[in-house]
Amino acid sequence: MAGALIGEAFLSASIQTLCDKIASGEFMDFLRGKKLDHSLLEKLKLTFLALGAVLDDAEEKQIEKPRVKKWLDELKHAVFDAEDLLAEIDAEALQNKVEAEECQTKTTSQVWNFFSTSLNPFYQGMNGRIQELFQKVEHLAKQKDLLGLIGGGVKEKVSQKTPTTPFVGHDFSACGRDGDKKELKRMLLSDDASSSHISVIPIVGMGGVGKTTLAQLLYNDKNIKEHFDVTAWACVSEDFDAMRVTKTLIESIISKPCSLQDSLLQVELREQVREKKFLFVLDDLWNDDYSDWDLVRAPFTYGARGSKVIVTTRNKSVASIVHTGPIHSLEQLSHEDCWLLLAKHAFRNENPSAHPDLEEIGKQIARKCNGLPLAAKALGGLLSCNVGYKEWSHILNNNLWEILHTDKSVLPSLRLSYHYLPTYLKQCFAYLSIFPKDYEFEKEDIILLWMAVGLIPQNESGKGLEELGERYFDELLSRSLLQRSLIWKPSSFTMHDLINDLAMSVSGEFCFRLDEGESHKVPKRVRHLSYMRGRFDTGAKFKSLDEIKRLRTLLPLSLRPYWKWDKSLYVSIKVLEDLLPSAKCLRVLSLSRYKNITQLPDYIGKHLNLHYIDLSYTAVKKLPDTMCNLYNLQTLLLVGCSSLVELPADMRKLINLRHLDISGTCVKEMPVQMGRLKSLRTLTAFVLGKSTGSGGIGELGQLSKLRGKLSILNLQNVVNPMDALGANLKDKKDLNEVELAWGREEADDSIKERRVLESLHPSVNLGKLTIRFYGGTSFPDWLGDSSFSNIQVMRLSDCSTCFSLPPVGRLPALRELYIKRMKTVVSIGVEFYGGNGASVSQPFQSLEKLKFKEMPEWEEWLSSPGRGQSIDFPRLEELILENCPKLRGNLPDHLPSLKKLWVTDCGVLHEGATRTRWIPWSFIVNTVSLRQSLEDLKIVGCPGLSSLLETESLSSLWRLDVQIFSSTDCLQPHLSSCLRDLNLVNCASLLSFPRNGLPTSLTNLCIRSCRRLEFLSHEMMAKLTSLRNLYLGDSCHSLRSFPLGVFPKLSILQIWYNKNLESLAIGEGADDENLGIIVIGNCPNLVSFPHGELPTPKLAHFRVMGCENLKLLPDRIHTLTALRGLQLYDLPNVESFAEGGLPPNLQSFEIGGCEKLRPSVEYWGLQRLVSLRTFRIESSEDLLETVLKEQLLPTTLHTLQIRGMKNLKSLEGKGLQHLTFLQELKIRRCDSLEFLPKEGLPASLSFLSIIRCSSLETRCQKKTGQEWSKIAHIPLIKIDDQFII
């Protein structure tokens, strides 16, 4: 029944738009002028109007009559074809208009020749295409009579009153769930645990019953948040991947990207939860394979007793596998609770008693929700737009309720909510079906896509497309067809799974998504297509698109978030060479994040209907000049295209361009006449050039609609300061963020630069302001004026000729202030706070973060004058001073809210204001105010600040970082009892730790370049029962033997550059049961590891490198069943290793520079390691020869890396051919290598990388190289910086 209720959605609005277009005088005049058959188009219009009259009847009958449904589908295609045809004519008309303006300087005969219809191939055959379309539509018109479709009278329409404000309230979702929440909250806050001491609580219920909402309410509950040390959320969904779930949990905990390889993910999660009470939510788990669940839950066991895991699932079989205690079944709501929830949405949280006539009928409608909150919210959203007895009665008594029960794929209540959407919302909602389940999207992105595909009409009232799109989006949100993401970014949105099913159902075959790992036949008449990005999107992925000619949207997506440094995505050149040329109707094109996209072909300029192009984070170097023929282009996204240095010269011709984002590019200057792009709303940067072919700053004055962020760069190229006044920033009230930057060279006219900055007075609505490389000696008066009441963030950097700072203390909303490289500032005083010598009102009343960096001449920091009892920085939480070498005297003396204090390379600070006598720290900073608040203290290269550590304990301090600490030979005993992180770096004079040892709370200890420091005594070590991470780098050189097993909770041990370390020892009864990572590097005198097996049953990663005298590696390494990663490099004297075999679960093995190891290879049992995915071998030609010749690698190997084989000339084919699962082969720095195996490379290979192999690179050139035939079958080949895909 897919598409059963979409007839009106696509056709009524589309037919009306088509007919309006044909009827417009401008359009008809153009047709007559081009000798096109306008009378035929008039007939087409009348036929469409006749068809439109029977749409309501067809809408009702198609549900039960397949022939009517098929007729409607054909009519949809005819309408789409007509839209495409008119769009082509429209685009041609627009092209003529723009080119006519460009040709105004030419002679009349030239212009006449340009317009000559007979010379323009576009018009040849157009009449024939119109005739063909008319015949098709006429045939459909005749069929409507055979099908008995009739044009009814005026049907009763439901009011479409739009709610004035979108409603999103989390409290709406809790109706009827108080008991469930109370019971689950009791279970979560109880420290009673199962025998495994980690409780797994499944919430089971049918789709739409509110499992995720209930989990969200619990997850965000303040009491629950405070009860757990760590909380994290992972959406699992149907596409189960244990490593993806683990990575998502890690990123949720650390709130930043995790770039670890798969083999280390579980180790990292283990460390994040070790001995901590955590709450994890695994939402929407479908997989009931116990082994998969066992893999996911393995790191959970390291958490503290009382940790909890909530699992939401529809499947009781899943719940029975994961539960450790009671399973919580979430039942459907009672009819009364359903009514309460529906009423809250219908009446927008008003009291239902204000509408007594609607209560009974509302309760009857609520019964149709079958107890599902999702249905109640959706119907409530529908009813809120139609508050009246007549309208509600119409909805209750609609016969569609009965008919819709025949479709089991979508809830009738949801289908009905869709059915009553206004036409414009139906189209927008259906388009969202191209996004996969659990996909999180931004409102702005969706609006730009809707605009591009024509779903947002031009508004007669003059309201912008974006504002109208925002209204549409908010309406869908208010009707609960979209929902906010409560877990990740609050600006993100998503769709419930059942709503996603509804969108897919109503969009039919016109929207399609290629889901990752699934093979589907793409409908030939699909219009909008998305697909899941893979790392290598090869030609085979797009094979099914060969016959698709009417595509409007091509959009690659990924559920996984991408980070700026992700450079591993590649797409087949087939997309550019084969797919795009034939996609003449394309409106949305995205190739973002593909690193092998370096240019667009010239033919892109023939795709005149393109409205949206996204090339963000590609390697594109230049845009083709033909792109300036895309007169319909609205959005051009070039974010992060760091290789792009120029824009096409004729950008001025893109008269419909509304959004141009060039942030992160290296564009050197703007083209001329950018001011003609009067529709521009987003222009992230305007770069001023020196050449006559560059656009001047006055062009900005014509761009009155700019909003968001604007950077004006290279302001030194402004010739006349009055030109800057023409930019008219003051009236651009929708700009939220402005950056003003000059060039890096010294200013030659400081007066001119000040006048330029004076002229660039922005609107007082501004929220963020950055000024860089300004060359004036002082700032203009507007900077710091209290009228800028919205500025929250300000950055001033490299204003090297300014003698003083602006009066930013007067800015009432300023929260963050960053000041960098103000080279001539000597003193900071009254002017900074906003005064003029007299008393000032409370300065910096909102400031939370203050950072000074690289201030070479700054000497004193004065407090505000006449302040009385007020505090200069009452809310300051972070104060950072970096590289202020001359700063002396007093820091602010009362910082009651300070949590973070970092002082780096301020060498004379606290040497005394008089410069002759030492002043205690307590005279410089009020230690009483810091004692309770300070949590994070970093002192680098400031010996005078060591006295801070001599005060009484900073009781809240949890992190201490001390570098270049030369004033004492012993750490002071007053370390906080809650200290967790201690970093000691380059403390040359430091000889010992405090006699009473380090705080027992310590979890991370890092010591670098403290060579004379004596390591902890055995008594001190025994007290560090919480220590988890220990790093020793070029430190504690008196240490000859490191004792394993002393720190009971140690999980990561790293020792680097210790020239006297000889061995690792094991004390009697020692057991490092928690040690997960050992790294030993560049310890030249290390001779051996302890005899016997390592007492590290949970060791997951083991790395030893650069230990030239090491002869023995640990015995019985095969007993380390938890080991996943093993790296051995530059161990020239190790002769034997793993003679009992390698660890059975090893996933990654790297080896290089171990010349004497070759004889023991046969004992390793590599062939048996079915879990081994990656094998890397470097600078070990004999070892490589043995491994390949004897076929020692497991057939299941995924990645093979060969590096630094200077004398290797050919690869042994037999050792590669048996690797039938090999996906990636990477060869690097093998200068002599010329020949690939005669037998060829494994057919399974999807990626071959050849880097810095001069001989082989030449022989592998595409089609011309002697070795090309051996690699031509590989989908992706990388030869140095060249990609072949």
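Here the structure is a predicted model, which means the values were calculated and not measured.
Salt bridge status for K705 with D734: absent, with no side-chain N to carboxylate O gap under 4.0 Å. A salt bridge links D936 with R959: at least one charged nitrogen is closer than 4.0 Å to a carboxylate oxygen. Using a cut-off of 4.0 Å between Lys/Arg side-chain N and Asp/Glu carboxylate O, R821 and E854 are scored as salt-bridged. The pair E739-R772 meets the salt-bridge criterion, with a side-chain N (NZ, NE, NH1 or NH2) lying under 4.0 Å from an Asp/Glu carboxylate O.
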Determine, step by step, whether E467 and R707 satisfy the salt bridge (Lys or Arg N to Asp or Glu O under 4.0 Å) criterion, reporting the C-alpha distance in whole Å, the side-chain angles of both residues, the deciding distance to 0.1 Å, and the verdict. CA-CA 13 Å; E467 285 77 20; R707 59 192 57 221; 3.5 Å; yes

So K849 and I880, side chain to side chain contact (heavy atoms under 4.5 Å, CB included) or not? Walk me through it. CA-CA 8 Å; K849 295 182 181 180; I880 300 175; over 6 Å; no

Checking Y774 against L783 for the side chain to side chain contact (heavy atoms under 4.5 Å, CB included) test, could you report, in this order, the C-alpha distance in whole Å, the side-chain angles of both residues, the deciding distance, and whether it holds? CA-CA 13 Å; Y774 167 60; L783 189 58; over 6 Å; no

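Neither side chain, S863 nor D872, offers a donor N or O lying under 3.5 Å from an acceptor on the other. A side-chain donor-acceptor contact under 3.5 Å links R754 and S778.
The aromatic rings of Y219 and W233 sit perpendicular to each other, their planes meeting at more than 60°, with 30° as the lower class boundary. By the 30° and 60° cut-offs, the orientation of the rings of F473 relative to F493 is perpendicular. The aromatic rings of Y833 and F844 sit perpendicular to each other, their planes meeting at more than 60°, with 30° as the lower class boundary. Note on ring orientation: taking the six-membered ring where Trp is involved, the planes of F832 and W861 are perpendicular (angle over 60°, cut-offs 30° and 60°).
Rounding to the nearest 0.5 Å places OG of S846 at 12.0 Å from CG of L876. Interatomic distance, CD of E857 versus OG1 of T824, reported as 8.5 Å (0.5 Å rounding).
The number of heavy-atom neighbours closer than 6.0 Å to NZ of K225, taken from other residues, nucleotides and ligands shown, is above 12. Within 6.0 Å of the NZ atom in K768, the count of heavy atoms belonging to other residues, nucleotides or ligands does not exceed 12.
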